[in-house]
Amino acid sequence: MKSAVLSILTGLFLFISPVHSQGEGFTFKDSVNTLYDKLFEELEENYLHADKVDWPSVKSYIKKEALKSGTFQKSLATSVKLFDTVQGNHLLLFAEKDWYKSTLGKQLVKDHFNQSLLDAYSNNRGFETKVVDTSYGYVLIPGMLLKDATTAELDQAAQKIYDAILEIDKSNDLKGWIVDLRLNIGGNSNVMLAGLYHLLGNGTLLLDLDSNKNATTLTSLVDGVLYQNHKVNTTVKPTAKPKPKIPVALISGILTNSAGEFVLLGFRGRKNTIVIGEESYGSTTANDLYELPFGIKAAITESYGTDRSAKFTKTVVPDIEVIKQTNFENLSRDRNIIEAIKFIESSQ
């Protein structure tokens, strides 16, 4: 179940709340049946490709495999076989001691990585804003799961991003901004996008498409409020007029995944914008979390995520490719930053 990238990404999911090994008074068989029956129910109802699955055959196969495991904890790993069988490369199961993901995703090994990138991730390099070379705003947005956060807490997280950007912007005569997503392995993209309101401004950002590629959800920003269709999702309180035309260079990397990719998509189509770095990991489908028995949760893929033009791509390919030249220790020598500054200067 564990690939190199999954071992690297495990840190994102340390916020999972405790679960019981199985229900009190339940036999092993009862616990397996209870869990997987509910998981099958949610998948049949919500999974993007549910209509392509032979559910009776899958249910029979998966339950037999789960019951062979001998313990409830070990039976959770059977979810990997389930996700692979239904071609769900973005499906996940979260439990107390581990998390489980399809093996169909991109397989990354150490040779794919720049040492500076690995060090930054291993050291939990967090959110930061600064000025690079006196003229260029820089914001690093890592993964932000925020799984159990309240609406108020989500708004606070978005406001923190917004306020940090605005403080730098107001205090300096900036020529443009660099948005670094190389450590963004996923989480809550709505918080990230709302927090970036000062650079995005008002308008449509994203579309979600169903299995027939029909639009089901439109994500937009209006005066600091992020809407999904007409429903308020995340809110920041703007204190200055946004700058939707200031040059912005986004930096993508091989770890840029899921929510990080949705940030890239949210900027795609914006004027004076470029993506620099490496091709993203490739999880541009939209998931939602579902409660299962025994405190377990499943992230189920519900739709295709697209940019504002409804263009779907499995990954985000940079406009300017820079491979394994990260230098978080000295951003002025980071080839991605150098290319970003060139772009900003050319846009003056």
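Throughout, residue positions are numbered sequentially from 1 according to the sequence presented. Note that the structure is predicted; figures quoted are calculated from it, not measured.
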| field | Check: Arg308 side chain, Arg268 main-chain N or O, donor-acceptor pair, under 3.5 Å | value | yes
| Phe127: partners by ring-ring contact (aromatic ring centres under 6.0 Å, His included), with sequence neighbours left out | none
| remark: Nearest heavy-atom contact between Gly137 and Leu174 is N-CD2, 3.7 Å
| said: Within the 4.5 Å heavy-atom criterion, are Leu193 and Leu200 side-chain neighbours or not? | reply: yes
| Results of side-chain contact (heavy atoms from CB on, under 4.5 Å) for Lys38 - residues two or more places apart only | Glu41, Glu42, Leu292, Pro293
| Donor-acceptor pair between Asp119 and Gln115 side chains, under 3.5 angstrom | yes
| Geometric cation-pi criterion Arg182 and Phe328, 6.0 Å radius, 45° cone | yes
| Co-members of the apolar cluster containing Val225 [side chain, <4.5 Å] | Val222, Tyr227, Val232
| message | Under a 3.5 Å distance rule, please check whether Lys271 uses its side chain to pair with a backbone N or O of Pro244 as donor and acceptor. | response | no
| said: Looking only at side-chain N and O atoms, does Ser102 offer a donor or acceptor that is under 3.5 Å from a partner on Asp84? | reply: yes
| remark: Heavy atoms of Ile337 and Tyr138 approach each other most closely as CD1-CE1, 3.9 Å
| Roughly how far, to the nearest 0.5 Å, is OG of Ser220 from NE2 of His230? | 8.5 Å
| message | Please determine whether side-chain contact (heavy atoms from CB on, under 4.5 Å) holds for the pair Thr234 and Thr151, giving the CA-CA distance in whole Å, both sets of side-chain angles, and the decisive distance to 0.1 Å. | response | CA-CA 7 Å; Thr234 311; Thr151 298; over 6 Å; no
| task | Look at the rings of Tyr36 and Phe40 and say which category their plane angle falls in: under 30° parallel, 30 to 60° tilted, over 60° perpendicular. | result | tilted
| note | Heavy atoms of Ala259 and Met192 approach each other most closely as CB-CE, 3.9 Å
| task | Would you please say whether a donor-acceptor pair under 3.5 Å links the side chains of Glu167 and Tyr162? | result | no
| message | Suppose we screen for side chain to side chain donor-acceptor pair (under 3.5 Å). Which residues come up paired with Glu45, at least two apart in sequence or across chains? | response | none
| So do Ile344 and Trp177 actually touch side chain to side chain, heavy atoms under 4.5 Å? | no
| Looking only at side chains, do Ser283 and Asn257 share a donor and an acceptor under 3.5 Å apart? | yes
| task | Return the set of residues passing side chain to side chain donor-acceptor pair (under 3.5 Å) with Asn229 (not counting sequence neighbours), or none when no residue passes. | result | none
| task | Please determine, by modelled atom types, if Asn327 and Ser116 share a side-chain donor-acceptor pair under 3.5 angstrom. | result | no
| said: Give me the atom names and distance for the closest heavy-atom approach of Phe113 to Lys324. | reply: O-CE, 3.5 Å
| said: Between Ser79 (side chain only) and Leu82 (backbone N and O only), is there a donor and an acceptor less than 3.5 Å apart? | reply: no
| field | Results of salt bridge (charged side-chain N to carboxylate O under 4.0 Å, His left out) for Lys68 - residues two or more places apart only | value | Glu65
| said: Does the structure place the NZ or CZ of Lys106 under 6.0 Å from the centre of the six-membered ring of Tyr281, at an angle of no more than 45° from the ring's axis? | reply: yes
| said: Counting only heavy atoms from other residues, nucleotides and ligands, does the tally under 6.0 Å from CG of Asp173 exceed 12? | reply: no
| Do Ser135 and Asp133 have side-chain N/O donor and acceptor atoms under 3.5 Å apart? | no
| Residue pairs passing the side chain to side chain donor-acceptor pair (under 3.5 Å) test where at least one lies in residues 201-217, sequence neighbours excluded | Tyr197-Asn202
| Lys130: what forms a side chain to side chain donor-acceptor pair (under 3.5 Å) with it, not counting sequence neighbours? | Glu128
| task | Can you sort out the partners of His112 under ring-ring contact (aromatic ring centres under 6.0 Å, His included), two or more places apart, ordered by chain and number? | result | none
| Among all residues two or more places apart in sequence or in another chain, which pass the ring-ring contact (aromatic ring centres under 6.0 Å, His included) test with Tyr290? | none
| query | So, does Ser252 use its side chain to make a donor-acceptor pair with the main chain of Glu278 at under 3.5 Å? | reply | yes
| message | Check Lys59 with Glu44, please: is the shortest side-chain N to carboxylate O separation under 4.0 Å? | response | yes
| query | With sequence neighbours excluded, what pairs up with Glu279 under the salt bridge (charged side-chain N to carboxylate O under 4.0 Å, His left out) test? | reply | none
| task | Determine yes or no for a side-chain-to-main-chain donor-acceptor pair under 3.5 angstrom, with Thr285 supplying the side chain and Ser303 the backbone. | result | no
| query | With Thr301, which residues qualify under side chain to side chain donor-acceptor pair (under 3.5 Å), at least two apart? | reply | Asn287
